[in-house]
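Just so you know, ligand 1 is whichever comes first in the structure, and atom 1 is the first atom listed for that ligand.
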Amino acid sequence: MADKGLYQCPECGLHYEDEQIAKQCEAYCKKYQGCSMEITKLSVERSKTGENP
Ligand SMILES: [Zn+2]
């Protein structure tokens, strides 16, 4: 599951530096069929691209 020290949510494909956050994302994605903004904003992808308008 680990890729270059990152953890990927298998549901949405976003990567996280924290395994616990990745697990939270996976649980949320499975339950609600979508991502939580509060969680995805912590993803590596969001961190690199900065804030979304
Ligand atoms: Zn997810």
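Around the Zn ion (ligand 1), the protein atoms of type N, O or S that sit closer than 2.8 Å are C9 SG, C12 SG, C25 SG, C29 SG.
Following chains of ILVMFWY side-chain contacts shorter than 4.5 Å, one can reach L42 starting from L14, so the two form part of one hydrophobic cluster.
A donor-acceptor pair is defined here as one N or O able to donate and one able to accept, closer than 3.5 Å; such a pair exists between the side chain of Q8 and the backbone of G13. A distance-only check finds a donor-acceptor pair linking the side chain of E45 to the backbone of H15 [under 3.5 Å].
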Go through it in stages, so that I can follow the logic: the residues are T40 and Y16, the test is side chain to side chain contact (heavy atoms under 4.5 Å, CB included), and I'd like the CA-CA distance, side-chain angles, deciding distance and then a yes or no.
CA-CA 9 Å; T40 57; Y16 299 90; 3.9 Å; yes
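Between C29 and C35, the closest heavy-atom pair is SG-SG, 3.4 Å.
Contacts classified as side-chain hydrogen bond (donor to acceptor under 3.5 Å, both in side chains) and involving residues 27-36 (residues at least two apart or in different chains) are given here: E26-K30.
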